[in-house]
Amino acid sequence: MSAASRNALFLTNTLSRKKEAFIPQNPPHVGLYVCGPTVYSDVHLGNVRSFTTFDVLYRWLTHIGYSVRYVRNITDVGHLVDDVDAGEDKIAKRARLERLEPMEIVQKYTNGFHDVMRLFNLKNPSIEPTATAHLIEQIKMVERIIANGYAYEVNGSVYFDVPKFAATHSYGELSGRKIDELMANTRDTEGQEEKRSPLDFAIWKKAEAGHLMHWPSPWGEGFPGWHLECSVMSTKYLGQTFDIHGGGMDLKFPHHECEIAQSVAADGVNPVRYWMHGNMLTVNGRKMAKSEGNGFTPEELLTGNHKLLERGYSPMTVRFFMLQCHYASTLDFSNEAMQASEKGLEKLRAAMVTLGKLKPGAADGMDVAAFEDACYAAMNDDLNTPIMIAQLFDGVRVINSVNDGKAELTAASIERLKQVYSTMMVDVLGIREEEKKGDDSLTTDLMGVLLKMRADAKANKDFATSDRIRDTLAAIGVTIKDTKEGTIWEHA
RNA sequence: GGUCGCGUGGCCGAGUGGCUAGGCACAGCUCUGCAAAAGCUGCUACUGCGGUUCGAAUCCGCACGCGACCUCCA
C-alpha cells in the first residue's frame, strides 16, 4: 500500500447516507466540530460512547497526517425544559433544587465531564467554547436571520420561520424529513401560541420571571435558543463552511437540522461538508438515556455498584468494548459482553508484552507490511475499528506462536510489529495502561518472599504447600502464573 | 400514526452477490506436578415466506419482531 492510499479515508456522510472519500477543504487542515455535553447532570456511559467515537476520529485524522482543529462545546446555557415549562431553563431548574448558583452547577458538571474524559483517555479538543461566552455572537446571528426575513419577534422571543425558509430552501434533508409530513404530524402542545407554525423553533427566548440565566438583547432580557450556540461556535472557529460535524444520532433532528437552517438563513452558506452520527449504547435493547433512567455513571461502572452491573469494569475495558463495535451500529451493554471484552483486551495486552521479548529468527512467518495495510484499510473504511481489532487479534496468534517456538519472525518484522501495535492500540484506539493496584515496592518485595517460598516448596515436591500459597493469594485477587521465564503475579 | 434503521452461530459483533471476520464461551489434544497462559482441532450462523440471479446473509417484495427519531437527550 502506498503512502497515498494510507490516508485515503472514507466516511459515511449522513447527508448522502453513503460512504464518501474524505477530502478536506484546505488540506492538510481539517475542521472538526462535535456537540459537547449540556452541563446540568452527570454524563453517563452512552455519552461516553459518542465522545469516544469522535475521539478516535480525531486521533485517526491526526495519525494520517492532518492538522486538525477539534472544537467541542460546553453547553452551559441550558435548553428549554419543555413547552409546558416554557421559559424555564434546565440549568436554572436544577439550581433551584440544589440551591446553588447556576454557574456553580455549570462548573461542577463541567469538572465532572472533564474527569470522565480523562478517565476514558479522551483527548482534549483544540477549543472547548462555552455558550455563555458567545452570547454576543449568538445575538448577532439572530439579527442576521431576522434581517434576511427568516425569523420574527413576538413578545420578546424570536422564532425561526420554518415554512418560509422551506419554501425556498431544503429543510429536513439531513434527517430525511419532509415539510408537509412534519406539518401533518405536529403534536398539539401548549405554550406554542406565539409561533406562527408549530415547526418554528425559538432562536431567542424571553426570560420569564424567576428565570435565572438571562442576558440583555435587542428583544429584551432572554436567552439563546436551543440550536444557536453550535451554529455560532462551529462557524466562528472553523469557518462558515467546515469539514466535519459529529454528534449522536439523537441530535440529527431537530438539532442538526436546525443548525443547517440557521446558517443558511443567516449567511446563505451550508455549514457542514460531512455530517457524522454515532449510534446509541443500549441496555437490554433500549437506548441508554437520562430519561430512561437506565444509565450508569462511570463511577458506578468502575465500582460495579449498580443493579445492572455484576461487578466493576475498568475504563479501558469499557473503551475497548465500545471500539469492538462499529460506531454507526447500536451497541448493547451486558455483563457477558463486558467480560468477553475484558478477556480479549487482556490477551491483546499480554501479546504486546510478549512481542517486546521475542527472539528474532531467520525465517519470516508473517507478512507484516500486508498486516499493517489491513489495519490502515480497516480504519480508512469509515473507521472500522472492529475489523482493525480483529486484525490485531490475528497478529496475536503469530506472536504467541513465535514465543512458543512454533514460528519465526525476523528482527525487522518484530520491530515493525511493535510499532504497529503501539500505534494502533495506544495512539489510535487510545488504550492505555490501567493503573495497577498494590504495585508499590513493599508489595513487590513481599510477593517476592512468597514466591520464593513457593518455588522452594515446589523444588521439594511439596505441592500441598505450593498450592496453598497460590490458592490463598487467589482468594485475595492475586493470580500466580508459572511461565518458562519464572513465576509472575498480577492483581485483578 | 409518520420517517428512518435493524434482525447473523450459546453470547458480543464484522461482513452490500460467489473465496463463508474477530472476541468470549464450550469440547478434545499438546505443554504442565497441578493450575494458569499459549498453540492446534472441533462446533459454522445469517427472523420467516416469496422473487431476481448460474449463484444471496448480502439485491427486491411481503410478513413478523425490535429500536431510534418525530419533545430535552451522545
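So you know, we letter chains A, B, ... as the sequences are listed, proteins then strands, and number each from 1.
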| task | Mind checking A/L348 for me? I need base, sugar-phosphate or nothing, with any heavy atom below 4.0 Å counting as a touch. | result | nothing
| said: Any base atoms under 4.0 Å from A/M280, or only sugar-phosphate, or nothing? Heavy atoms, all strands. | reply: base
| query | Which listed nucleotide (B/rC24, B/rA74, B/rC70) is nearest to the side chain of A/L281? | reply | B/rA74
| said: Taking any heavy-atom pair under 4.0 Å as a contact, classify A/G285: base, sugar-phosphate, or nothing. | reply: sugar-phosphate
| message | So, does A/K287 get its side chain near the phosphate of B/rA74, meaning an N or O under 4.0 Å from OP1 or OP2? | response | no
| request: Give a yes or no on whether a donor-acceptor pair under 3.5 Å exists between the nucleobase atoms of B/rA35, that is its base, and the side chain of A/R470. | output: yes
| request: Scan A/T53 against the nucleic acid and name what it touches under 4.0 Å (heavy atoms): base, sugar-phosphate only, or nothing. | output: nothing
| What distance separates A/D76 CG from A/T130 OG1, expressed to the nearest 0.5 Å? | 4.5 Å
| query | Looking for any heavy atom pair under 4.0 Å, which part of the strands does A/H326 touch: base, sugar-phosphate only, or nothing? | reply | sugar-phosphate
| message | Using a 4.0 Å heavy-atom cut-off, does A/R397 contact any base of the nucleic acid, only the sugar-phosphate backbone, or nothing at all? | response | sugar-phosphate
| task | Determine the Euclidean distance between corresponding P atoms of B/rC6 and B/rU47; express it in Å to zero decimal places. | result | 12 Å
| request: Answer with base, sugar-phosphate or nothing: what part of the nucleic acid does A/K461 contact at a heavy-atom distance below 4.0 Å? | output: nothing
| task | Report yes or no: is there a donor-acceptor pair, N or O only, under 3.5 Å between the side chain of A/D482 and the base of B/rC34? | result | yes
| Distance between the C1' atoms of B/rU41 and B/rG18, in whole angstroms? | 27 Å
| message | Below the 4.0 Å mark, does B/rG2 have OP1 or OP2 next to a side-chain nitrogen or oxygen of A/R177? | response | no
| said: Among residues 382-393 of chain A, which ones have heavy-atom contacts with RNA chain B below 4.0 Å? | reply: A/N384, A/P386, A/I387, A/A390, A/F393
| said: Does B/rA38 have its OP1 or OP2 closer than 4.0 Å to a side-chain nitrogen or oxygen of A/N400? | reply: no
| said: Counting only side-chain nitrogens and oxygens, does A/N403 get under 4.0 Å of the OP1 or OP2 atom of B/rA38? | reply: no
| said: Taking only the C1' atom of each, what is the distance from B/rC60 to B/rC43 in whole angstrom? | reply: 34 Å
| said: Just to be sure I understand the rule, does A/L345 reach a base, reach only the sugar-phosphate, or reach nothing, if contact means heavy atoms closer than 4.0 Å? | reply: nothing
| Reckon A/D467 touches a base, only the sugar-phosphate, or nothing at all at heavy-atom distances under 4.0 Å? | base
| message | Less than 4.0 angstrom between a side-chain N/O of A/K481 and OP1 or OP2 of B/rA35, yes or no? | response | no
| query | When rounded to the nearest Å, what value does the distance between P atoms of B/rC40 and B/rA25 take? | reply | 16 Å
| task | With P as the reference atom in both, quote the distance from B/rA57 to B/rG9 in angstrom, rounded to an integer. | result | 14 Å
| field | Pair A/T53-A/S50, side-chain donor/acceptor within less than 3.5 Å | value | no
| When you measure from the side chain of A/R17, which nucleotide among B/rC12, B/rC4, B/rA38 comes out closest? | B/rC4
